[in-house]
Amino acid sequence: MFRSRLKQLADRSLMRRLSPLESGTGPTIQYAGCEVILLSSNDYLGLATHPEVVRAATHATEQYGAGSGASRLVSGTLPPHTHLETALASFKGTEAALLFGAGYLANIGVIPNLIGQGGLILADRLCHASLIDGCRLSRADFRVFRHRDCAHLESLLRRQRTKRPTLIITEGLFSMDGDLAPLSDLASLAERYEATLYVDDAHGTGIMGPTGRGTIEHVGLEQRIPFHMGTLSKALGSHGAYIVGANDLIQYLVNVTRPFIFTTALPPAIAAAASAAIAVIQREPERRMRLWSNRQRLFNGMQRLGFRMTQTVSPILPILVGDAATASALAERLLSYGIYASAIRPPTVPDGTSRIRFTVTSEHTTEQIDEALHALNLAGRETGLL
Ligand SMILES: *Cc1c(COP(=O)(O)O)cnc(C)c1O
């Protein structure tokens, strides 16, 4: 019964609760009657509230309506969808792009159409739940390799005696650890073993790479990784997801992907907002500069205080706590000092690796970052972590 399962979750400090805010998102939010500094959002460049992005959404709603009416294969593709797909393909340097209602939908829809029964999937152990669910839906054999461990991956590839379709799955920038996949080695292994490489760049898109095109640009592999997936819901400040790649891949996905075919198209406002966000990313590189300097300030401060952290190289700055109860306690203490940063516990992360996952944005001020470090010093001592 669900009540006993709920009680089990509470007993193990794994209960999740919704936190109703009294404001929109931003570097600070209103919560429980107070203004607090938000260090948990994936809106890395503050684009969710950028005036140009908001104006694009408002304008598209006025011009095209609040909803899109039906699946695009039923009632047609609206101009904001066409415009966004063209903008994405051009931003990413691919022939084509296809939009999805969410990253979750893209992953569970696309993976089972790239591989099926009789095939083999090898996925990084820390892949996002939507990737794992896509693997399960595919009915292919599914194994995980140790996080970022290409030697382990190769041993799994070499173990195959008969040749069969193989898909290697990784995130570009890992969402819960903030470290990067070894994309160059993964691409080489995929080439050597004739496997397909599927990269989910939900967190890299907009922030990584010299022009913000993402993790694949960051490592200079755009020629060797012909397609990938990403989301519009993190640095792009909007909602939804995409696959970018060759025309024939996109044509195929339009025909077979159930979470594309059997779901209503993104609202016009959402698509227009994402297009505006891509334009801002290209025109305002100073946002990325501010993001990286804020990231460095918070990271240096956390290191100085002596917290245990992951191998992060990004604005995702997890403080490793271990058990779920202490992680929850630390999050509560931080909130009492005006810092909102949520505890991430199993099953989002493996057992024993509960953490507070801080994310910093380009819009935080240095004063806010210093205030967070001050709170971390106090809360870290109160919870016995420092
Ligand atoms: C957030 C995320 C998703 C899901 O994207 P949504 O658009 O929020 O559904 C998929 N993959 C990764 C790696 C993510 O971080």
Does the distance from a Lys or Arg side-chain N to an Asp or Glu carboxylate O, for [X] and [Y], drop under 4.0 Å?
X	Y	answer
Lys234	Asp43	no
Glu222	Arg213	yes
Glu154	Arg159	no
Asp370	Arg297	yes
Arg290	Glu363	yes
Arg146	Asp124	no
Arg72	Glu85	yes
Asp177	Arg357	no

Could you check whether any side-chain heavy atom of [X] comes within less than 4.5 Å of a side-chain heavy atom of [Y], counting everything from C-beta outward?
X	Y	result
Ile207	Leu173	yes
His203	Ile316	yes
Leu120	Leu167	no
Ile344	Ile356	no
Leu156	His152	yes
Thr28	His364	no
Arg224	Ser184	yes
Ser362	Arg288	no

(message) Just verifying a value: how many Å separate Leu236 CG and Tyr44 OH, rounded to the nearest 0.5 Å?
(response) 12.5 Å
(request) Please round to the nearest 0.5 Å and tell me the distance separating atom CZ of Phe260 and atom CG of Leu98. (result) 4.5 Å
(message) Quick check on the 6.0 Å ring-centre criterion: do Phe174 and His147 meet it?
(response) yes
(message) So that I know where these two stand, are Phe100 and Tyr242 an aromatic pair - ring centroids less than 6.0 Å apart?
(response)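 Ring centroids of Phe100 and Tyr242 are no less than 6.0 Å from each other.
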(request) Flag yes if Leu253 and Leu99 sit in one hydrophobic cluster, no otherwise; membership is Ile, Leu, Val, Met, Phe, Trp, Tyr, and two members link when side-chain heavy atoms are under 4.5 Å apart. (result)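 Leu253 and Leu99: separate clusters.
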(message) Which residue in the set Glu371, Glu382, His374 passes side-chain hydrogen bond (donor to acceptor under 3.5 Å, both in side chains) when paired with Tyr337?
(response) Glu382
(request) Measure from NZ or CZ of Arg295 to the centre of the six-membered ring of Phe299 and say whether it is under 6.0 Å with the direction within 45° of the ring axis. (result) yes
(request) Flag yes if more than 12 heavy atoms outside Arg283 fall under 6.0 Å of its CZ atom; otherwise flag no. (result)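 For Arg283, atom CZ is crowded (more than 12 foreign heavy atoms under 6.0 Å).
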